[in-house]
Amino acid sequence: MPDARPLRLRARQYVYEILESHARNSGVGLTVNRGIVFFLLLSVGITVLESVPQLRDDYDLPLRVAELLCLVVFSVEYYIRIWIAPEHFPFRQMSAWRASWSYMVSPQGIIDFLAVLPLWVALVGPGDLRVLILLRVLRVLKFARYSSGMRSLLEVLESERRALFACLVILACATLLSATAMHIAEGQVQPEKLGTIPDAMWWAIVTLTTVGYGDVVPATNIGRMIASITIVGGLIMIALPVGIVATAFSQVIHRRDFIVNWSMVARVPLFSHLTAGDIAHIMQLLQARQVDHGDVIFRRGEPATAMYFIAEGEVEVELGPAEKGRRVRLATGHFFGEIAVLKRVARSATVKAVSRARLLVLDAADLRALVSREPGIARKINEIVEGRTGDNLNLEIADVEGQDDVTPVKDEPFEKTV
């Protein structure tokens, strides 16, 4: 049924999918986002190079032209992101104007605005572009949109903000106590450096943070004792936030991988009837693998070591001479490689990715164990195989489980041995 929405709305959704929704799953989205990342790197690189007087004088015009090009790209991107704001899920119930405004005042919208602000200010106002170096370098924050690692780190800082603030309070208290103790112990010995508590706080901060510049050192035995305690306390002060961030970061990565793998497993029709507990068990057996266009997944004649499920994308199966080199395409939801594994024979076909694809790989031993443990999955596999070949695998599975050596079968049809 044709889409009855106005062309403007369809175009807006298409652009949104390129920039936001399916950016990683489409060739256009990948190209556009990689192009933006390239201009980000170029812009930051220009800012760094302009700080070198000789390079700035020798290449002033090329640098300004490149910076102007970056300005145009970021300005167009910023306008487009304002335009597609109503397509974002949190803004879909708003009017177009309110959605655009909500995006503009969001943290990501402010970062995008700062990316274009410096040059526009410099172009319409007086002064040298270099006075806006700080704002120009802030463009590096845009990498958070294109880096899952940076997004995860920001999520960690947000979720653990109370614990990190508590660590900061503890550090401030320790700094004050150490500075006060050192002021009392050495204020009269080194009045120019430790004569006041604010002066002593500099020593306490650099000691607690284990930097230890060495510009202020204790001269008395009591001062050295206080410094020793402060140094040990500093190690603890640094270990607390590092441990909190590291643990939370690991949990975020694990949770994200769990959600991605869960969605990939649940998308496979073979597992659609399973309960949450069954899917969680299968997830422990499956390994996610991403292949690009043209990658060979396995070749004809290789030993069958795993079964594959297509979570996203397409693959092409090139059959052997018995099938006259016929090619078969399999898309999302299909699986392949199971019969050769269960029969313990060599592959009879070569499988290549015809698009960027995400696969779930099930090891041969795990497949046999899963078939034995889950009769429903065994029945579904058998139904699909029987539909392909007319053969029933139930007896064959039972027969081959006890065999150790099976002579590879060559030139058999794909449906029988792949």
Side-chain angles (χ1 to χ4, degrees), residues 3-26 28-41 43-44 70-125 132 134-165 245 248-249 251-253 255-256 259-260 263:
D3 194 338
R5 294 179 304 164
L7 178 61
R8 178 177 59 86
L9 297 182
R10 283 181 285 163
R12 188 175 69 185
Q13 183 181 18
Y14 176 73
V15 175
Y16 168 77
E17 291 178 351
I18 291 177
L19 286 177
E20 300 284 355
S21 182
H22 300 148
R24 296 184 179 181
N25 301 329
S26 67
V28 177
L30 281 172
T31 302
V32 170
N33 282 271
R34 286 174 179 173
I36 295 174
V37 170
F38 168 77
F39 281 104
L40 279 174
L41 294 173
S43 175
V44 174
C70 293
L71 168 65
V72 173
V73 171
F74 294 146
S75 299
V76 172
E77 181 208 3
Y78 182 59
Y79 170 77
I80 291 176
R81 291 192 183 278
I82 294 176
W83 178 54
I84 64 174
E87 297 295 331
H88 287 269
F89 182 77
F91 307 149
R92 288 180 181 174
Q93 302 303 320
M94 303 179 182
S95 63
W97 185 89
R98 284 193 60 193
S100 298
W101 175 254
S102 298
Y103 160 75
M104 292 170 65
V105 298
S106 67
Q108 193 62 61
I110 293 174
I111 291 174
D112 291 335
F113 176 70
L114 292 177
V116 300
L117 176 64
L119 275 181
W120 281 117
V121 171
L123 287 176
V124 301
L132 300 170
L134 178 60
L135 287 178
R136 291 165 66 186
V137 172
L138 286 178
R139 290 174 184 168
V140 74
L141 297 177
K142 286 172 65 69
F143 280 112
R145 175 183 278 118
Y146 306 100
S147 170
S148 59
M150 289 186 67
R151 290 197 300 271
S152 298
L153 180 59
L154 293 176
E155 182 180 343
V156 167
L157 296 178
E158 170 65 21
S159 62
E160 300 296 332
R161 62 186 184 280
R162 293 183 178 85
L164 294 175
F165 179 75
V245 172
F249 189 79
Q251 292 175 348
V252 167
I253 295 298
R255 183 168 63 249
R256 180 167 294 175
I259 293 173
V260 171
S263 64

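For clarity, every value in this text was computed on a predicted model and none was experimentally measured.
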Tell me if the CH2 atom of W83 is crowded by more than 12 foreign heavy atoms within 6.0 Å. yes

Give me the one residue out of V72, V73, L71 that meets side chain to side chain contact (heavy atoms under 4.5 Å, CB included) with S75. L71

At what distance, to the nearest 0.5 angstrom, does CD1 of I110 lie from OH of Y103? 10.5 Å

Output for pair (F38 CZ, S43 OG), nearest 0.5 Å, gives 11.0 Å

Whether S100 side chain and A96 backbone form a donor-acceptor pair below 3.5 Å: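 At least one qualifying donor-acceptor pair exists.
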
Would you find a donor on one side and an acceptor on the other, under 3.5 Å apart, between the side chain of R161 and the backbone of E158? yes

Taking every heavy atom of E160 against every heavy atom of A248, the minimum-distance pair comes out as CG-CB, 3.6 Å

Heavy-atom distance under 4.5 Å between the side chains of I82 and D112, does that happen here?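 When only atoms from C-beta onward are counted, D112 and I82 do not touch, as no gap falls below 4.5 Å.
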
With sequence neighbours left out, what residues match R162 under side chain to side chain donor-acceptor pair (under 3.5 Å)?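 For R162 there are no side chain to side chain donor-acceptor pair (under 3.5 Å) partners, ignoring immediate neighbours.
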
Could you go step by step and tell me if M104 and F113 meet the side chain to side chain contact (heavy atoms under 4.5 Å, CB included) rule? CA-CA 8 Å; M104 292 170 65; F113 176 70; over 6 Å; no

